[in-house]
Structure formats: structure tokens, C-alpha cells
Amino acid sequence: MKERFYPYAGAMNPTVYEHLNNCTDPDQRLEVFMWEKAPIEGKQVLDIGAGSGFHAVRYVQKAEHVFAVEPDARMLQQIYARLCDNPLGNISILATSAESIPLLDGSIDVAYARFAYFFGTKDCWRGLHEVKRLLSPGGHFFIIDTNPDQGQLGTIAREVYPHVFHDRYRAEHSAFYQQHGFSHFDLQTVFRAPNRQVLEAYLRMDYPHKYTELLDQIESTELSYNMSVYHFQKRNG
Ligand SMILES: C[S@@+](CC[C@H](N)C(=O)[O-])C[C@H]1O[C@@H](n2cnc3c(N)ncnc32)[C@H](O)[C@@H]1O
């Protein structure tokens, strides 16, 4: 089966990647928004493209069980290291990709794919189909993406990677997900670094060819970060 494996730089930079997760939406506006629509207390949760497991470990504090799907061995190493530091019984790590998840039909109540660019507008029908298969009736699926039309971090992403975050990116994604039964929400959050060193390390990881230039343009250690949230709810019955 053809897989859409998109490696992320955080796989090779565990320390900086951990900083990135701590700095992104520190007020947890995203979780507040999603948990209002779909509470996870006592639920079966799926985190697709779980990265280092930062969020899976957060979800598991509330959920009954979390399945963390991650295909990159270097990310899996980070998840295992996190669990060695903080052993938890109600989390399962699945070393696989979104296109083929070895779980039963209807076994998941809430699924997340956070900054998971393998859910783009092309060729991702297999992954979408797989999540819809796994959802229980009434189950929820949230896809979280960068909004390159608004906010400082989105603007940087567009400036540095215009071939990815092009002018029609958000409109195309919104139309695509609408076609697949999703609603689209815009959410305003922030990226808050504790100091310039952390900000620099992050910019260097995600924008290696431009980070010094970017750093010169940025005065604060807090940047606005707007996100697009796509929400799907499976029909009951
Ligand atoms: C940008 S990172 C985001 C990770 C995490 N969700 C977070 O917010 O920190 C995207 C993750 O998706 C994983 N990934 C790439 N292709 C994938 C696929 N086809 N199925 C599932 N995960 C995939 C990458 O290895 C990486 O860990």
C-alpha cells in the first residue's frame, strides 16, 4: 500500500522540538476549543502523526485510552523515552502510518491529526477513509493546520515556503475538507518562547536557510499563531 510519509525536522532535533511544543499555544486554546465540542473523559482517543508523544501524554490524563500512531522510528524513540520517564498504562504506540491503522471499526471516539501535512488536498483519501472507518457513531475527527493567511508564524511559513503555503492554500484546504464533510474554524493562538535562544533554535530548525534574517525582523519572543481547525463528526447510527 502506498503511504504518504512526510518526515518532520523535529525527529532529528528532540530538544528543540520539545521547546516548540511547549511554546505553541501555551494557553491551550486549541484543547479548550476541541474539548468543548468533543470531551475526551473516559473516551478512546487516536493521535495520528503523534510526533514525540507530547500531546498523546496530555490527552491520556483525561481519556480512557490513547493510541498514538507514528511511522518515523526517530519520533517513536522520543515517545518511548517520554514514557520511560513517565510510565502510563493507558497509552498504546502504533508504529504505522495514517493509511493503515490496525484497530477495529468503530473503536475510536475522538481522533486528532495535529500539523499532519500528510492530510493535504491530494492523495490522502486512504488516510481519511481509515479514520472514518475507525470512528464510532457520533465520533469526532479534528485536523489542525497552520493558517498562512493570518498571524506572524503563518506569514513566515508563507514567506519561506511559498510553494507549500501558497495564496490559495487555506481556501483550497477548506473547500477540500468541506467536500469530505468537515466544518472549518479559525483559531487565534500564540507561540510564546521563554527567551531569544529558544526562539532562535526553533526558527533554525523550521527555517534553516532564513532564520538569521527572520530573527532580525522579530522583536518579541511572542508571535501570533493562527490555526485552521477542521472538524468532522460521524453520523450516529
Ligand atoms: C509536523 S509533525 C507534528 C507532530 C505532532 N502531531 C505535533 O503536533 O507535535 C508531523 C508528524 O506526522 C508524522 N507523519 C508523517 N507522515 C505520516 C503518515 N503518513 N501517517 C502518520 N503520521 C505521519 C511525522 O513523522 C511527524 O511525527
Side-chain angles (χ1 to χ4, degrees), residues 1-26 28-31 33-34 45-60 66-83 91-103 108 110-134 141-148 153-154 156-157 160-161 164-165 169 173 187 189-191 201-203 205-208 225-230:
M1 178 188 300
K2 189 176 171 235
E3 293 185 347
R4 287 169 53 87
F5 174 50
Y6 285 70
Y8 175 57
M12 290 167 297
N13 299 279
T15 307
V16 183
Y17 181 31
E18 190 71 1
H19 282 311
L20 165 62
N21 273 323
N22 278 308
C23 296
T24 301
D25 188 22
Q28 296 188 29
R29 296 200 61 198
L30 189 54
E31 274 87 4
F33 175 83
M34 296 192 297
V45 167
L46 178 69
D47 187 11
I48 311 160
S52 65
F54 183 96
H55 301 95
V57 164
R58 182 179 283 175
Y59 303 147
V60 99
V66 173
F67 297 91
V69 166
E70 177 52 54
D72 189 328
R74 298 159 303 177
M75 289 296 200
L76 289 166
Q77 204 173 11
Q78 294 183 40
I79 307 183
Y80 283 119
R82 188 183 300 284
L83 291 179
I91 181 162
S92 304
I93 302 167
L94 304 176
T96 184
S97 61
E99 295 75 25
S100 162
I101 302 177
L103 292 173
I108 294 297
V110 184
Y112 302 107
R114 203 175 173 281
F115 304 116
Y117 300 113
F118 44 92
F119 282 123
T121 54
K122 284 189 207 121
D123 305 331
C124 71
W125 61 270
R126 206 183 284 276
L128 284 180
H129 185 265
E130 187 66 338
V131 181
K132 289 183 180 183
R133 174 185 76 77
L134 294 173
F141 180 24
F142 294 92
I143 297 179
I144 297 127
D145 197 5
T146 296
N147 174 354
L153 271 192
I156 290 175
V160 182
Y161 299 119
V164 179
F165 297 105
Y169 181 90
H173 277 68
L187 198 72
T189 74
V190 297
F191 173 95
Y202 161 63
L203 292 173
M205 177 173 78
D206 269 7
Y207 308 102
Y225 192 2
N226 290 44
M227 298 176 185
S228 296
V229 182
Y230 302 101

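Start at 1 and go down the list; that is how both ligands and their atoms are numbered.
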In this structure, does ligand 1 have an atom that sits under 4.0 Å from one of the heavy atoms of F54? no
Between D47 and V69, is there a side-chain heavy-atom distance shorter than 4.5 Å? no
With a 4.5 Å cut-off on side-chain heavy atoms, are V57 and L83 touching? yes
For Y225, enumerate each residue passing the side chain to side chain donor-acceptor pair (under 3.5 Å) test, keeping only those at least two apart in sequence or located in another chain. T146
Per-atom contacts of ligand 1 with F115, taking only distances under 4.0 Å to non-hydrogen atoms: 1 (C), 2 (S), 3 (C), 8 (O), 10 (C)
Counting only N and O atoms by type, is there a donor-acceptor contact under 3.5 Å from the side chain of E130 to the main-chain atoms of I101? yes
Which segment of L20 sits under 4.0 Å of ligand 1 when only heavy atoms are counted: neither
Is it the side chain (CB and beyond), the backbone, both or neither of R114 that lies under 4.0 Å from ligand 1, heavy atoms counted? both
Would you mind listing every side-chain hydrogen bond (donor to acceptor under 3.5 Å, both in side chains) that reaches into residues 9-19, with sequence neighbours excluded? E18-R82
Using heavy-atom distances, let me know which of E70, H55, R74 sits nearest atom 24 (C) of ligand 1. E70
Of all the atoms in ligand 1, which lie at a distance below 4.0 Å from a heavy atom belonging to N21? 9 (O)
Quick one: look at F5 and ligand 1, take heavy-atom pairs under 4.0 Å, and tell me if it's side chain, backbone, both or neither. both
With heavy atoms of S97 as the reference, note each atom of ligand 1 found under 4.0 Å away. 18 (C), 19 (N), 20 (N), 21 (C)
Can you name the atoms of ligand 1, numbered from 1 with element, that are less than 4.0 Å from a heavy atom of D72? 25 (O)
May I ask you to check whether Y6 has an N/O atom sitting below 3.5 Å from an N/O atom of ligand 1? yes
If you count the atoms of ligand 1 from 1 in the order shown, which ones are under 4.0 Å from a heavy atom of E99? 19 (N)
Just to check, does Y17 reach to within less than 4.0 Å of ligand 1 when the distance is taken from its heavy atoms? yes
Could you check whether N147 and Y169, counting side-chain N and O atoms only, form a donor-acceptor pair closer than 3.5 Å? no
Determine whether any heavy atom of P71 lies closer than 4.0 Å to an atom of ligand 1. yes
Below 4.5 Å, heavy atoms only, C-beta onward: do E31 and H55 meet side chain to side chain? yes
Do any nitrogen or oxygen atoms of A98 lie less than 3.5 angstrom from nitrogen or oxygen atoms of ligand 1? yes
Centroid-centroid distance, Y6 to F115, less than 6.0 Å: no
Spacing of CG belonging to L103 relative to CG belonging to L134, to within rounding of 0.5 Å: 5.5 Å
Under 4.0 Å from a heavy atom of M75: which atoms of ligand 1 are those, numbered in the order shown and with their elements? 27 (O)
Option whose closest heavy atom lies nearest to atom 6 (N) of ligand 1, chosen from A11, G49, G51, A9: G49
Can you confirm if the aromatic rings of Y161 and F165 lie within a centre distance of less than 6.0 Å? no
